[in-house]
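Input: a single structure, listed below in structure tokens.
Treat the numbers as computed from the prediction; the structure is a model and nothing was measured. One-based numbering along the sequence shown. In listed order, ligands and their atoms are each counted from 1.
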Amino acid sequence: MTLLSTSTDQLTTLGAGLRRALDGPFADKRAAARAAFPSDDLLRDPNLSIDDAREWVLNRLIEISEAGVLATGVPQSSEDPGDIADTVVAFETLAHGDLSVTIKSGVQLGLFGGAVTNLGTKWHHDAFLADISSLKLLGCYGMTELGHGSDVFSLETTITFIPETDEFEVHSETPGATKAYIGNAAEHGTMAVVFGQLLVRGRNYGVHAILVPIRDDDHNVLPGVTLGDQGHKGGLLGVDNGTMRFHRVRVPRRMLLDRYGGVTEAGEYASSIESPTKRFFTMLSTLVRGRICVSAGAGIATRRGLSIATRYALKRRQFVAPGHSEGVLLADYLIHQRRLLPLIARSYALGFAQNEVTSSLVHVMESGRASEEEKRQLQTRADGIKALTTRFANDAVQEAREACGGAGYLSENQLTGIRADVDVFATFEGDNTVLLQQVAKALLGDYAKIWGELDTAGMVQATARVFGDTVMERTSASTLVERLTATVKRQPEATTLV
Ligand SMILES: Cc1cc2nc3c(=O)[nH]c(=O)nc-3n(C[C@H](O)[C@H](O)[C@H](O)COP(=O)(O)OP(=O)(O)OC[C@H]3O[C@@H](n4cnc5c(N)ncnc54)[C@H](O)[C@@H]3O)c2cc1C
């Protein structure tokens, strides 16, 4: 039995209205993407071996790319501004199918391509962007190291300027400096964006990123580069994650992605941002789209899981009620409604929030008139939505799996695959706990600022307002308890969904 609907778009009036609400300001882009990506063709056979899964995923990406829809919105050169909302929509639409395809596209276009776009300058754009978006140049995003994951400020890899030859030398001094979990490193990547400490004439200018070729045209690993295959994972089996180590690998000076800091022809370090810490966070802030995409993809994967469970609940019957010839639909059990409906409601709420954050991303990255406050707020919101949506995805998909009983546990019904794949969304693009700490820090900073700016009269008024809000909350809380008590007193199974 398969739980996946093969029917095409035949929405009820209510369904069409809900879709319109959820699509929000991106309705046209999402409609175009849905039409271009047939999600029924994107499901991977769970029986494939790792090697076959990787090959299948790469071939799917190539097919979608050749259909002209994979790199929608991705800039192709220094002249092409791209369309950031299109890139988010293209990524999330892929999440209707196999999540390995989604993540591999994210590694290639969002991380590798995104770093070249946002940290590079004209030469990098003209030299590489067209080949990146056509998949001719497959690449990696080498930030995480064995020794440093969440703490990327302390990366150990070094990028040392060699004035005599006008080159940089990329080096992993210790085992802890080995790049780890890197998508495309194990098999398919031929170039990597490598993050490391930039050393110029004995001085450390902090973390910068540089392009390093890792395999030649015949796919042989280049001298000085050691690549490892991290093999079987808890999910995303179609993505070839691996390790990278560098032994004094030389690359020309222009390979440094130097939008925020680089070495001049005279061999001197130059940057428009004085403070290394500020420079580092400015660089990272330009990569915020990746986090927003992961959140968007998790949102779609969650809705897929909930949709499978809901459709099953509308078909599956268990226990015949007295006086009836047929069994009761799962969807007619109050307990089943209470398991699924709040999750569906929350997935809508997070979808609306996701639209807000994506709109802020478009404003900050494309309008050219975003304030520092708006940029800072975008980072905090991206951290928050990513942590909440991916945590929710893990919880909701597990509930959906259980709501389908044994059928939910069969691989052909997708839920166990989605659950396995979505698991790591809580870790990559920023570990959720660390992200929530950053959100808390930003909120406390805002709070301290607001209170710090108040005079005595303002302080009294603000205290009164907080007190009033607390009383309001308590009052509405008691109303809620009354409503719940009344609901419990109703006849069991008095509410029907269908
Ligand atoms: C499948 C997969 C694909 C990936 N792809 C890439 C890629 O292509 N490129 C890339 O660069 N990286 C990639 N990563 C790496 C990923 O970004 C890191 O795993 C992530 O940043 C977390 O780092 P870590 O694994 O070292 O965990 P750690 O940072 O060691 O965290 C471990 C635990 O410690 C907790 N912790 C850490 N710091 C604190 C703190 N200050 N306070 C409280 N708790 C804390 C965390 O919450 C977490 O639970 C990938 C990872 C995976 C699993």
Considering all heavy atoms of both residues, which atom of F246 and which atom of K179 are nearest to each other, and what is their separation? CE1-CG, 4.3 Å
Pairwise distance CD(E66) to OG(S134) - rounded to 0.5 angstrom: 10.0 Å
Are there any protein N or O atoms under 3.5 Å from the N or O atoms of ligand 1? List them with distances, or say none.
| unit_1 | atom_1 | unit_2 | atom_2 | d |
| --- | --- | --- | --- | --- |
| ligand 1 | 5 (N) | Y181 | O | 2.9 |
| ligand 1 | 8 (O) | G183 | N | 3.1 |
| ligand 1 | 9 (N) | Y141 | O | 2.8 |
| ligand 1 | 11 (O) | Y141 | O | 3.3 |
| ligand 1 | 11 (O) | M143 | N | 3.0 |
| ligand 1 | 11 (O) | T144 | N | 2.8 |
| ligand 1 | 11 (O) | T144 | OG1 | 3.2 |
| ligand 1 | 12 (N) | T144 | OG1 | 2.7 |
| ligand 1 | 29 (O) | S150 | N | 3.0 |
| ligand 1 | 29 (O) | S150 | OG | 2.6 |
| ligand 1 | 42 (N) | Q437 | OE1 | 3.3 |
| ligand 1 | 42 (N) | Q437 | NE2 | 3.4 |
| ligand 1 | 47 (O) | D431 | OD1 | 3.3 |
| ligand 1 | 47 (O) | D431 | OD2 | 2.4 |

Do Y141 and F112 have ring centres separated by under 6.0 Å? no
Counting distance only, does the side-chain N/O of R245 pair as donor-acceptor with the main-chain N or O of T226 below 3.5 Å? no
For the backbone of G430 and the side chain of K386, can you confirm whether one donor and one acceptor N or O come within less than 3.5 Å of each other? yes
Please determine whether ring-ring contact (aromatic ring centres under 6.0 Å, His included) holds for the pair F195 and H148, giving the CA-CA distance in whole Å, both sets of side-chain angles, and the decisive distance to 0.1 Å. CA-CA 12 Å; F195 289 81; H148 298 92; over 10 Å; no
